[in-house]
Amino acid sequence: MIRARVTIDPHFIVGPVNRRLFGSFVEHLGRCVYDGIYEPGHETADENGFRGDVVELVRELGVSAIRYPGGNFVSGYRWEDGVGPRDERPRRLELAWHSTETNQIGLDEFATWLELVDAELMYAVNLGTRGVLEALDVLEYANIPAGTALSDMRVANGHAEPHDVRMWCLGNEMDGPWQLGHSTAYEYGQLAAQTASAMRQIDPDLELVVCGSSGAQMPTFGEWERVVLEATYDNVDYISCHAYYEPQGDDYGSFLASAVNMDRFIEEVAATADHVKALKRSDKTMYISFDEWNVWYMTRYNEVDKITDIADWPVAPRLLEDSYSVMDAVVFGSLLISLIRHADRVTAASLAQLVNVIAPIMTEPGGPSWRQTTFFPFSITSRLARGVALELTLESPTYDTKQYGAAPLVDAVATHDPETGDIAVFVVNRSMTEEAAFDIDTRVLGDVEIVSAISVHDDDIHAANTLADRERVAPRENTSVRLGDASVDITLPPVSWTAISLRARV
Ligand code: AHR
């Protein structure tokens, strides 16, 4: 049996848990939009064609802000194709995923859908094949109340009120050779700086996200951030991070420790941003928008699913439809732990993606929808992580991983809501074989009450929810939790993620 322990002291605060940490991402990719959120004719669809069952699941997931419309898609996208009368919208070749885009959903429809799920729009402009003018155009269309050509066009299209988009991404993954318009850090930095300063002439309070690296493994990582931030520091608020994880063969030990890599990535980007802050003698802290993160079986996509036949680019093909196992959900939960642990720097994050495409929610055309295993750590963390993230003293044995060196077998983070006294502890046991006896030292908290303890675990770490068996995996109450003498003690099964909710009077 592994033994691990944390001490909780609400006086040691990392930073506020921003609700935007529980954001997600909807890209015009595969069946995320079409046959995902939008399926006219489905028995639950509303008058706009939005599936009601999906709306309910997205609300249950507890998503705060949604990045849209891409992703790689955005670098070939003309935003104006997706507004106005639907029967006049063009069909286009979509180069990022080799599909046909029908443009039946665009900015206005997506903003309408966001009202149903009660989430904020985070909009990405195309800086791959377009530039400053188009970014200004979509900003005018979206945010100016009326009285100009493009704002009046929005009103004429049936949206009298502006969408008032606060957060804007300046392109997507411009460091990636796969990106349409891929450029050097210097070229992109200049374009992003010009775009940011032009957008801020219209609204100085916009929150702008400049592209960081599309992964810490990129050869340009580190230098990319420095060069881009040197060009844009004064006019942007966030630099983005993207990271996807999958097991390499059967090296599950490294896979379970993926959050070690995420921790390091965040800390290295923050250090680079602080270096530029010093060079600029700036008072401003650059925040991180971790606006793509997830488990993604990318090898499967590259080797099996990629559409290569140019003669037939389908509408809404089944792409990136990964089925997530219990082990994937445990890794996923540990990535959330890493994001919350860095709440002082990571103030926005987007789970990539939301429906059907590497997603917590799956749908079948004309059929049901269901929760993947990853749905559970997200919905539970979004519900319980309130107030501030706490600095924890964690004692855990480590194990050796091939990819990341020594990693703690047990990892945890805690939040405290000073208004309610609620404390949430999120903890992962990475051992493949052993249970962990996990103690939460509550001496500083005084009287503590256990509200709940829920684990995601299964004896079969490969178990998943599928169309044929939609409720195979569900989170379960962890009945081992006990109130000790100035501690809360719980047993964590091997390969498990657990959320413990406590109430304290401090
Ligand atoms: O989320 C899938 C893809 O991953 C996005 O389009 C892109 O930005 C990233 O490479």
Side-chain angles (χ1 to χ4, degrees), residues 23-34 36-37 63 65-77 94-99 101 110 122-129 167-183 188 192 209-221 224 228 238-246 258 262 265 288-307 313 316-322 324 328 332 335 348-362 372 374 378:
S24 186
F25 174 34
V26 166
E27 177 168 2
H28 284 246
L29 192 183
R31 300 191 307 121
C32 188
V33 172
Y34 307 110
I37 67 171
V63 165
I66 303 185
R67 184 166 174 255
Y68 175 86
N72 296 339
F73 168 82
V74 84
S75 293
Y77 185 50
E94 199 291 286
L95 270 67
W97 304 102
H98 291 190
S99 307
E101 172 58 48
F110 194 66
M122 179 178 170
Y123 194 85
V125 298
N126 174 357
L127 291 193
T129 52
M167 212 168 158
W168 295 77
C169 301
L170 302 170
N172 176 70
E173 294 191 347
M174 297 306 302
D175 64 323
W178 57 86
Q179 199 69 216
L180 280 176
H182 161 60
S183 47
Y188 169 67
V209 187
V210 75
C211 291
S213 295
S214 41
Q217 76 290 348
M218 296 299 288
T220 48
F221 171 58
W224 174 275
V228 167
Y238 302 85
I239 181 147
S240 70
C241 287
H242 291 180
Y244 293 101
Y245 298 94
E246 67 180 316
S258 299
M262 186 185 244
F265 186 17
I288 292 173
S289 169
F290 215 117
D291 48 39
E292 288 188 33
W293 68 270
N294 203 348
V295 172
W296 175 9
Y297 286 77
M298 206 180 290
T299 321
R300 216 178 276 167
Y301 167 69
N302 283 324
E303 290 172 4
V304 183
D305 289 345
K306 214 171 208 166
I307 296 164
W313 285 12
R318 287 182 188 260
L319 282 179
L320 282 62
E321 300 204 0
D322 287 357
Y324 289 120
D328 294 331
F332 180 101
L335 298 175
S350 310
L351 157 62
Q353 298 192 5
L354 189 59
V355 184
N356 290 329
V357 172
I358 45 174
I361 298 169
M362 298 299 291
Q372 294 237 50
T374 51
F378 192 100

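We count ligands from 1, going down the list as the structure has it; atoms in each ligand are counted the same way. Fair warning: this is a prediction, and the values are worked out from it, not measured in the lab. Residue numbers run from 1 in the order of the sequence given.
Going from atom CD1 of I66 over to atom CG of L351 covers 10.0 Å, rounded to the nearest 0.5 Å.
The protein heavy-atom contact nearest to atom 2 (C) of ligand 1 is Q353 NE2, 3.5 Å. At the shortest separation from atom 8 (O) of ligand 1 among protein heavy atoms lies E292 OE2, 2.6 Å.
Two residues are said to be in side-chain contact when any heavy atoms from C-beta on lie closer than 4.5 Å; Y188 and V228 meet this criterion. You'll find the side chain of N172 reaches within 4.5 Å of the side chain of R67, heavy atoms only.
Taking all heavy atoms of W296, Y301, Y244 into account, the minimum distance to atom 1 (O) of ligand 1 is reached by Y244. The closest non-hydrogen atom to atom 3 (C) of ligand 1, taken over W178, W293, F73, W97, comes from W97.
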For side-chain hydrogen bond (donor to acceptor under 3.5 Å, both in side chains), just list the numbers for Y238 and D291, CA-CA rounded to whole Å, side-chain angles, deciding distance to a tenth of an Å, and then say yes or no.
CA-CA 10 Å; Y238 302 85; D291 48 39; over 6 Å; no
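With respect to F332, the ring pair (Phe, Tyr, Trp, His ring centres under 6.0 Å) criterion is satisfied by exactly one of Y324, W293, Y244: W293. For the pairing with H28, the ring pair (Phe, Tyr, Trp, His ring centres under 6.0 Å) check across F110, W97, Y68 returns one residue only, Y68.
A salt bridge does not link E246 to R300: none of the charged nitrogens lies less than 4.0 Å from a carboxylate oxygen.
Per-residue contacts place N72 under 4.0 angstrom from the following atoms of ligand 1 (heavy atoms of the residue considered): 5 (C), 6 (O), 7 (C), 8 (O), 10 (O). Close approach of ligand 1 to E27 (heavy-atom distance below 4.0 Å) involves ligand atoms 5 (C), 6 (O). Of all atoms in ligand 1, numbered sequentially from 1 with element shown, those under 4.0 Å from a heavy atom of E173 are 7 (C), 8 (O), 9 (C), 10 (O). For ligand 1, the atoms lying closer than 4.0 Å to a non-hydrogen atom of F25 are 1 (O).
Contacts of N172 with ligand 1, taken as heavy-atom pairs under 4.0 Å, involve the side chain alone.
For H242, no nitrogen or oxygen atom sits less than 3.5 Å from a nitrogen or oxygen atom of ligand 1, counting backbone and side chain alike.
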